[in-house]
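Bear in mind that the values here come from a model prediction, so they are computed numbers and not experimental data. Each chain gets a letter, A, B and so on, in the order its sequence line appears, and its residues count up from 1.
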Number of protein chains: 2
Amino acid sequence: MYRIGELSALYDIKADTLRFYEKHGLLSPSSRSGSGYRLYNQDDSERLKFILRAKAVGFSLNDIADLLSIEVDKSNRACAEVKGLVDTKLEQVEAKLAELQHFATSLKSLSNTCCGGSDSAEHCSILEALESSDQHIIAKKEHHHFSHSGHKD
Amino acid sequence: MYRIGELSALYDIKADTLRFYEKHGLLSPSSRSGSGYRLYNQDDSERLKFILRAKAVGFSLNDIADLLSIEVDKSNRACAEVKGLVDTKLEQVEAKLAELQHFATSLKSLSNTCCGGSDSAEHCSILEALESSDQHIIAKKEHHHFSHSGHKD
DNA sequence: CTTGACCTTGGATTAAACTCTAAGGTTTAT
DNA sequence: ATAAACCTTAGAGTTTAATCCAAGGTCAAG
Ligand SMILES: [Zn+2]
Ligand SMILES: [Zn+2]
Ligand SMILES: [Zn+2]
Ligand SMILES: [Zn+2]
């Protein structure tokens, strides 16, 4: 049995983080001491490990809640569900990756054209590009029309 | 002269966004009507264009405030300042890119090992990897194993 | 018995960039 | 003259993942 300080030290996270995970339904200690202290057992510790590994591959805490709900009822759940979560996350990560790659490309172009000297920025090529939408330097982003069900009357 | 609705329609943003930019010191209308309506002139419109282009290359609104403070006083500022902002942002973008690439790699590995079928997830390789920290599948962030001798960028 | 380390709770704060609401004033067209 | 459309303001809500705080309870050592 671990107290909150012990478990948090074991995984190098803050005790607050464990309380936060508890508040959000990710990990509750299996028992409490007479005076109300949280007591985590080995299973709790394993569950925390699962959470931290899922975080390490890019899942949000909400995703992890979904993953855990499958994990605790594995035999009645399908591989397809698990793989679906992974593939959805992969798509999100790749979309963000594409956006950042576009940023990096534009920023590199901007950086390359500027002398970076201590002379006046009066004719700085970076500022000029931002003023005039130089198509060579600032790639335009595609319009993606995500159908996004946000109806509110 | 544009009223807020006209300018926002022109750039396909919300009127709220223009008020938000004003509150945050990025763009103030050059005048107001007798009844207090915001009136934007051509210079204001150009400034908005600058803001939107800077956003399109990955700058945050705070970065843009810095950029604008240089822009309005170009002749007394140096290229080095501008290039510094771009290079700092590029470093941030590249750091994030590296993290997301790590996520994408791990997620692809996880996805590839799972059958994705409608059979029980009892022995799902994804769940097993998350339970047991399979080093093949979940790359650790602390390890800087970038010996990916992939294609040159 | 007191000190200090540790624990409890709920709530506030952080960062980013909006988005929305409520309650009311203005303009324009019929 | 009235309704629709547009405008004003301050302020709250959204998302993510914590982190910090205050006020107070518990426990081991001296
Ligand atoms: Zn220069
Ligand atoms: Zn320059
Ligand atoms: Zn399977
Ligand atoms: Zn599977």
Short side-chain donor-acceptor distance under 3.5 Å, Ser45(A) and Tyr11(A): yes

Glu46(B): partners by side-chain hydrogen bond (donor to acceptor under 3.5 Å, both in side chains), with sequence neighbours left out: Lys49(B)

Test side-chain contact (heavy atoms from CB on, under 4.5 Å) applied to Leu110(B) and Val82(A), Val86(A), Leu85(A), Asp87(A), the passing residue: Val86(A)

Length of the CZ-C1' vector between Arg32(A) and dC7(C), whole Å: 10 Å

Side chains of Leu27(B) and Leu18(B) in contact at under 4.5 Å (non-hydrogen atoms): yes

Residue closer to the 5' end of DNA chain C, Ser60(B) versus Gly34(B) (nearest nucleotide): Ser60(B)

Phosphate-side-chain proximity, Tyr21(B) and dA17(C), N/O vs OP1/OP2 below 4.0 Å: no

Difference in axis direction between the ends of the helix from dC1(C)-dG30(D) to dT30(C)-dA1(D), five pairs, 10°: 30°

No-hydrogen, no-angle side-chain donor-acceptor test under 3.5 Å, Tyr40(B) and Glu6(B): no

Qualifying residues under side-chain hydrogen bond (donor to acceptor under 3.5 Å, both in side chains), relative to Asn41(B), sequence neighbours excluded: Ser30(B)

5′-ward residue of the pair Ile13(A)/Ser35(A) relative to DNA chain D: Ile13(A)

Passing option when Lys83(A) is tested against Cys115(B), Cys124(B), Ser125(B), Ser111(B) for side-chain contact (heavy atoms from CB on, under 4.5 Å): Ser111(B)

Atom pair CG (Asp16(B)) and CD1 (Ile4(B)), whose distance is rounded to the nearest 0.5 Å: 7.5 Å

Minimal non-hydrogen separation, Ile126(B) against Cys114(B), with atom names: CD1-CB, 3.5 Å

Sort me out a list of protein N/O and nucleotides 4-6 of chain C N/O pairs below 3.5 Å, or just none if empty.
none

Sugar-phosphate, base or nothing in reach of Arg38(B), heavy atoms under 4.0 Å: sugar-phosphate

Interatomic distance where CD belongs to Glu22(B) and P belongs to dC18(C) [whole Å]: 15 Å

Separation of atom CG in Leu18(B) from atom P in dC18(C), rounded to whole Å: 10 Å

Thr17(B), nearest nucleotide to its side chain (from dT19(C), dT8(C), dA17(C)): dT19(C)

Chain B footprint on DNA chain D, 5' to 3' - any atom under 4.0 Å from a heavy atom: dC6(D) to dT9(D)

Filtered N/O pairs between nucleotides 11-15 of chain C and protein, under 3.5 Å:
none

Flag, side chain of Glu81(B) to backbone of Ala78(B), donor-acceptor distance under 3.5 Å: yes

Exceeds 12 heavy-atom contacts within 6.0 angstrom, atom CG of Asp12(A): no

Pair Asn112(A)-Ser109(A), side-chain donor/acceptor within less than 3.5 Å: no

Spacing between Phe59(B) atom CZ and dA17(C) atom C1', to the nearest angstrom: 17 Å

Gap between atom CG of Asp66(B) and atom CD of Glu71(B) - 0.5 Å precision: 13.5 Å

Main-chain N/O of Ala121(A) paired with Lys74(B) side-chain donor or acceptor, under 3.5 Å: no

